[in-house]
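Every heavy atom of this structure was used, including side-chain atoms; hydrogens, water molecules and symmetry mates were not.
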Amino acid sequence: MTTQAPASTEVELSIGGMTCASCAARIEKKLNRMDGVSASVNYATEKAKVSFEGDVEVADLIATVEATGYTAALPKPPVADGPSAGQPGQTGPADELAPLRQRLITAVALAVPVVAMAMVPALQFDNWQWLSLTLAAPVVTYAAWPFHKAAFTNARHGAATMDTLVSLGTGAAFLWSLWALFFGTAGMPGMRHGFELTIGHSDGAGNIYLEAAAGVTAFILAGRYFEARSKRTAGAALKALLELGAKDVTVLRGGAEVRIPIGDLAVGDRFVVRPGEKIATDGTVTEGASAVDASMLTGESVPVEVGVGDAVTGATVNAGGRLVVEASRVGADTQLSRMAKLVEDAQNGKAAAQRLADRISAVFVPVVITLAIATLGYWLGTGEGWTAAFTAAVAVLIIACPCALGLATPTALLVGTGRGAQLGVLIKGPEVLESTRKVDTIVLDKTGTVTTGRMTLLAVHTAEGVAEADVLRLAGALEHASEHPIARAIATAAARAGELPPVEGFENVLGLGVQGVVDGHAVIAGREALLNDWSQYLPEGLVEAKRAAEAAGRTAIAVGWDGVARAVLEVADAVKPTSAEAISRLRGLGLTPVLLTGDNRLVAEAVAAEVGIDPEHVIAEVMPQDKVATVKRLQAEGRVVAMVGDGVNDAAALAQADLGLAMGTGTDAAIEAGDLTLVRGDLLAAADAIRLSRRTLATIKSNLFWAFGYNVAALPLAAAGMLNPMIAGAAMAFSSVFVVGNSLRLRRFR
């Protein structure tokens, strides 16, 4: 008799209260210590994916997270519309930022005059220090409360992060200022901040650091606010996917058409899809025939012809005639819903990005605290007394206060993203930049990325003695009466050459083409078989042109009138003019380009040859889940993968990739799932994006180096009790100016 292993249950929890990646690591460590529990916590998406077995219950998981100092709850289901969708002016996620925004506004409004009075002697009137105290007190208490609270939570669990630095630095600066004002000489009328840049022993009784306390709080709060805003888009890809689906549907009930909400549709219901409408859900065609534009889901650029018995997918668009479809899958079982789950799984599976400042502060904070305590003990041991000992210890904490550190990442990111916006590149956050430096493989979706994503007339081949203008005028007028995407491509090209005449007796021949009378000519356009039915046979030259077009993966449309075959038109998804140059530039950045598409291999290899991608790097005929699998396979081979795409079918792969670049001309789902958005919709912007991101990351790293460098250099002076407060202020100010100036160099990026 064999004993079955206990079944494992998987649950996803929404985690609240995390301020950095070390918080996520701490929660993950606590959960994994529970018997039968395996957990992965993602700081970026604020979710924990937990599998558990045995006697463990969800309530036990939530209790463990709460005991660690954070909040946990089962996530609410995403909604496609309505008040909770987070629209401006409505209740929902938008309100979550309100408390942080209020603290930021308070901090900035009150900190600016405090910093101004401290740094500009002309503004220092009699008793100015008491006005500074009045303004700084709400900043250090109310506005900085999230830092103090997080520092306390971290301390309870033996951890130290950026919050600890901010809380200790601002708290020490504020408390010492209170002591100097009430028990020292700083509160005397006529006190001024001078500019005596000398090194010497100071008892600190006349020094206040209110500008450091208020200024650092304002700077760090601003960084947190903008980070929180960008994190709110974590679930926007899922929302964008849900919004692609139809909201209501026309069903057949007792022979009559009835409009009902999509949520009321059941498996087996028959529903009507008119030309131009979205197909409500996955199903099988029971009446009618049409062309269905499925490019948003499959990446296939050519519309799919469907008839009775063919399967259709929800959210695709009926581009032709009326269809009656029997629903085979509804709700969470549809392909659209499964794709939303793919995106969510890919986002949750991505490694949480650890901010550089947190990595350094994890070591820096304990060192500074240890040094401050050692300084206090040393001066007490030498008999200098509590005033000198406390002054030196507090000086250590104040000089370590991360003013420049608070500016290091936000200023570089602000300038870098601003310059990127001018170049048509939108960067979502600092964690994105780390990926760009390591990327060695770039996967390119074909449709809408390398190509235009629209069917285009590429060539006109005519029989001897036939003018191209006549072909365009007659074929264009006939196709103008059709709703088929290929017909629209021909009509659009013909309309550019001149006004199109009207059509009489138009007829759509199912699956073969169209026919009608234009300017007294009986015109036929479509498959070669349609012309053959009318005994209009292509001459040898046009037969060769048709074969060459099909060999290149293009659609060939035969045209004839007045009983004679006259031309062959080539229609295909055209390659963007800049794609070949863009791929050359990507190679120059050390990247290997890979073409990934849902189109057939013939089309894919033809496009790859045109833009300079090697045939062995072409992956064709893949569905959305296969795109994710392809990215995972490349990652498993040890590659760091960037993905460029524009369609719903690319969203999950964009989220799975180490770096996702979404074309700004694409769908909302792709844009929200990507890390970088290429506004121009031009592949050249991908090369610009990677170069700019790498440059911005290098600037952030140099900023962090110098921000810590100034502090570390001054720490020995502070510990020795030799740090004049004005030198401390000047060093702090100079480090901030240096960081800002270094960041501004990004404005010259070309």
Side-chain angles (χ1 to χ4, degrees), residues 275-276 288-307 310 312 316-323 446-448 451-462 468 471-497 500 503 506-516 518 523-533 538 542 545-561 565-575 597-600 602-604 606-607 647:
S290 180
V292 173
D293 182 359
S295 60
M296 66 173 64
L297 287 177
T298 66
E300 179 71 40
S301 55
V302 180
V304 180
E305 302 285 349
V306 297
D310 290 331
V312 290
T316 55
V317 178
N318 179 12
R322 178 181 182 273
L323 295 174
K446 182 186 75 69
T447 307
T451 65
T452 62
R454 298 184 306 274
M455 301 303 288
T456 306
L457 178 63
L458 299 181
V460 179
H461 304 279
T462 62
E468 182 177 315
V471 175
L472 284 176
R473 186 171 61 86
L474 297 177
L478 181 63
E479 298 284 21
H480 186 66
S482 171
E483 296 174 333
H484 198 289
I486 291 177
R488 286 201 297 268
I490 296 171
T492 299
R496 294 194 193 103
L500 300 178
V503 180
F506 175 82
E507 183 183 351
N508 185 6
V509 183
L510 185 61
L512 291 176
V514 290
Q515 57 192 36
V518 181
V523 185
I524 302 173
R527 298 182 186 274
E528 184 180 3
L530 178 61
L531 272 71
N532 291 345
D533 287 345
L538 294 175
L542 293 184
K546 177 177 175 292
R547 285 177 185 160
E550 291 173 343
R554 298 174 178 177
T555 300
I557 302 297
V559 180
W561 63 85
R566 315 254 182 179
V568 168
L569 309 179
E570 287 188 38
V571 179
D573 182 7
V575 172
T597 179
D599 257 343
N600 66 67
L602 195 64
V603 173
V607 170

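- Of the residues Lys546, Glu479, Arg527, the one that meets the side chain to side chain contact (heavy atoms under 4.5 Å, CB included) test with Ile557 is Glu479.
- Contact between Leu538 and Ala565 at its shortest, heavy atoms only, is CD2-CB, 3.8 Å.
- Environment of CZ in Arg488: crowded, with over 12 heavy atoms of neighbouring residues, nucleotides or ligands closer than 6.0 Å.
- Ala477 and Val518 make their closest contact through CB-CG1, 3.9 Å (heavy atoms, listed as atom of the first residue, atom of the second, distance).
- Checking side-chain atoms of Arg566 against main-chain N and O of Val471 turns up no donor-acceptor pair under 3.5 Å.
- Side-chain contact between Val559 and Leu478 is absent, with no heavy-atom pair separated by less than 4.5 Å.
- Here the closest heavy-atom approach between residue Ala606 and residue Ala552 is recorded as CB-O, 3.2 Å.
- Side-chain contact check for Glu305 versus His484: some heavy-atom pair is nearer than 4.5 Å.
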Report task. List the steps, then state whether side-chain contact (heavy atoms from CB on, under 4.5 Å) holds for Leu472 with Leu457. Result -> CA-CA 10 Å; Leu472 284 176; Leu457 178 63; 3.6 Å; yes
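- A pairwise comparison of heavy atoms in Ala549 and Ala556 identifies CB-CB, 4.4 Å as the closest pair.
- Put simply, CD1 on Ile490 and OG on Ser482 are 9.0 Å apart, with the number rounded to the nearest 0.5 Å.
- Between Lys446 and Asp573, the closest side-chain pair of non-hydrogen atoms falls below 4.5 Å.
- The shortest non-hydrogen separation linking Leu323 to Gly288 is CD2-C, 3.7 Å.
- Contact of the His461 side chain with the Leu542 side chain is registered, since non-hydrogen atoms from C-beta on lie closer than 4.5 Å.
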Requested in this report: Decide yes or no on side-chain contact (heavy atoms from CB on, under 4.5 Å) for Asp533 and Leu512, but give the supporting numbers first.
Outcome: CA-CA 10 Å; Asp533 287 345; Leu512 291 176; 4.2 Å; yes
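- We find the CG-OG1 distance between Leu569 and Thr462 to be 10.0 Å, quoted to the nearest 0.5 Å.
- Residues Gln515 and Val509 meet the side-chain proximity criterion, which asks for heavy atoms closer than 4.5 Å.
- Here the closest non-hydrogen pair linking Ala489 and Val571 is CB-CG1, 4.1 Å.
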